[in-house]
Amino acid sequence: MNIGPNDALLVVDVQNDFCPGGNAAVEDGDAVARKMSDVALNFRSRDGRVFATQDWHPTTHKSFAENGGIWPAHCVRGTEGAAFHNELKLPVGASIIRKGQEAQTDAYSGFDGTTLETHLERLEVKRLFVGGLSTEYAVQHTVYDALQKGYSAFVITDAVSAVNANPDDDQRALDSMLSSGAKPITTTELLED
């Protein structure tokens, strides 16, 4: 695929707490980290823009079970759990977008309460390529917001992984994103010149 300066890769929440061994792990988090690393480095070498979202929660975040939410405490700012997976290699110049910093806001989407849209507008980005963790939460919400804001959105289907609290949540989320206007793409297709 032809990639250029009007294209942006969004690496969504590839953090230790969402990978095996983390507090809110998904099964294939390690594999997603490796794939997104390859894509990010290749994307930047072709003049594409690279952004990585990072949950960055206070200890009082409303989503935590101890605070009345549905999730175990995860991605608490400044902790090892909030750090990017050690196999995720981001290129020089990648922009980090921290989300979920307000205790009373869920902020699944990379656009929610962040400067992401401002950066994309300034760079005149038209197409967004989204992969990361997890399919039915942060990835899906980010894709919905991208579409709503008028971007052409692609889901990197082999570089996402789901919580799957219910069987087939991942497939339902993918079907919903595609029926909403997102386009599917694989890492192989994306890396082809």
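Note: hydrogens, waters and symmetry copies are ignored here, and every other heavy atom, side chains too, is used.
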Should [X] and [Y] be regarded as members of a common hydrophobic cluster, given that ILVMFWY residues are connected when their side-chain heavy atoms come within less than 4.5 Å of each other, either directly or indirectly?
{"X": "Leu116", "Y": "Ile96", "value": "no"}
{"X": "Leu10", "Y": "Ile97", "value": "yes"}
{"X": "Val130", "Y": "Leu120", "value": "yes"}
{"X": "Phe43", "Y": "Val32", "value": "yes"}
{"X": "Phe111", "Y": "Val50", "value": "no"}

Using a 3.5 Å distance criterion without hydrogens, assess whether the side chain of [X] forms a donor-acceptor pair with backbone atoms of [Y].
{"X": "His57", "Y": "Gly100", "value": "yes"}
{"X": "Gln140", "Y": "Met177", "value": "no"}
{"X": "Gln104", "Y": "Lys62", "value": "no"}
{"X": "Asn23", "Y": "Ala73", "value": "yes"}
{"X": "Ser37", "Y": "Arg34", "value": "no"}

Using side-chain contact (heavy atoms from CB on, under 4.5 Å), reason through Phe18 and Ser161 one step at a time and then give a plain yes or no. CA-CA 10 Å; Phe18 296 132; Ser161 188; over 6 Å; no
Full working for side-chain contact (heavy atoms from CB on, under 4.5 Å) between Tyr108 and Tyr144: CA-CA 11 Å; Tyr108 288 121; Tyr144 286 160; over 6 Å; no
[X] [atom1]: over 12 foreign heavy atoms closer than 6.0 Å:
{"X": "Glu102", "atom1": "CD", "value": "no"}
{"X": "Glu27", "atom1": "CD", "value": "no"}
{"X": "Asn2", "atom1": "CG", "value": "no"}

I'd like to check Val143 versus Ser180 (side-chain heavy atoms, cut-off strictly below 4.5 Å). Are they in contact? no
Side-chain heavy atoms of Phe64 within contact of Val76, under 4.5 Å: yes
Between [atom1] of [X] and [atom2] of [Y], what distance do you get to the nearest 0.5 Å?
{"X": "Asn6", "Y": "Leu128", "atom1": "CG", "atom2": "CG", "value": "11.0 Å"}
{"X": "Met36", "Y": "Phe129", "atom1": "CE", "atom2": "CZ", "value": "11.5 Å"}
{"X": "Ser134", "Y": "Asp28", "atom1": "OG", "atom2": "CG", "value": "12.0 Å"}
{"X": "Glu87", "Y": "Asp38", "atom1": "CD", "atom2": "CG", "value": "10.0 Å"}
{"X": "Gln15", "Y": "Gln54", "atom1": "CD", "atom2": "CD", "value": "5.0 Å"}
{"X": "Thr157", "Y": "Asp170", "atom1": "OG1", "atom2": "CG", "value": "11.5 Å"}

Starting from the C-alpha separation in whole Å, work towards a yes-or-no answer on side chain to side chain donor-acceptor pair (under 3.5 Å) for Asp158 and Thr186. CA-CA 6 Å; Asp158 62 330; Thr186 65; 5.0 Å; no
Apply the test side-chain contact (heavy atoms from CB on, under 4.5 Å) to residues Leu90 and Arg44: give CA-CA distance (whole Å), side-chain angles for both, the deciding distance (0.1 Å), then the verdict. CA-CA 9 Å; Leu90 296 172; Arg44 189 66 197 114; over 6 Å; no
Is it true that Asp55 and Lys99 make a salt bridge, defined as a side-chain N closer than 4.0 Å to a carboxylate O? yes
Between Arg172 and Asp169, is the closest basic N to carboxylate O distance under 4.0 Å? yes
Run the side-chain contact (heavy atoms from CB on, under 4.5 Å) test on Ile185 and Ile156 for me, step by step, so that the C-alpha distance in whole Å, both residues' side-chain angles and the decisive distance to 0.1 Å come before the verdict. CA-CA 5 Å; Ile185 193 165; Ile156 309 171; 4.1 Å; yes
Pairs meeting criterion ring-ring contact (aromatic ring centres under 6.0 Å, His included) with involvement of residues 172-193, two or more places apart: none
For the side chain to side chain contact (heavy atoms under 4.5 Å, CB included) test, which of Val12, Asp112, Val139 pairs with Thr53? Val12
Determine the interplanar angle of the Phe51 and His119 rings, folded into 0 to 90°, and report it as parallel if under 30°, tilted if 30 to 60°, perpendicular if over 60°. tilted
His61-Asn67 side chain donor-acceptor pair, cut-off 3.5 Å: no
Listing, residues 145-153 side-chain donor-acceptor contacts under 3.5 Å, not counting sequence neighbours, or none:
unit_1	atom_1	unit_2	atom_2	d
Asp145	OD2	Ser109	OG	2.7
Lys149	NZ	Glu117	OE1	3.2
Ser152	OG	Lys183	NZ	3.1

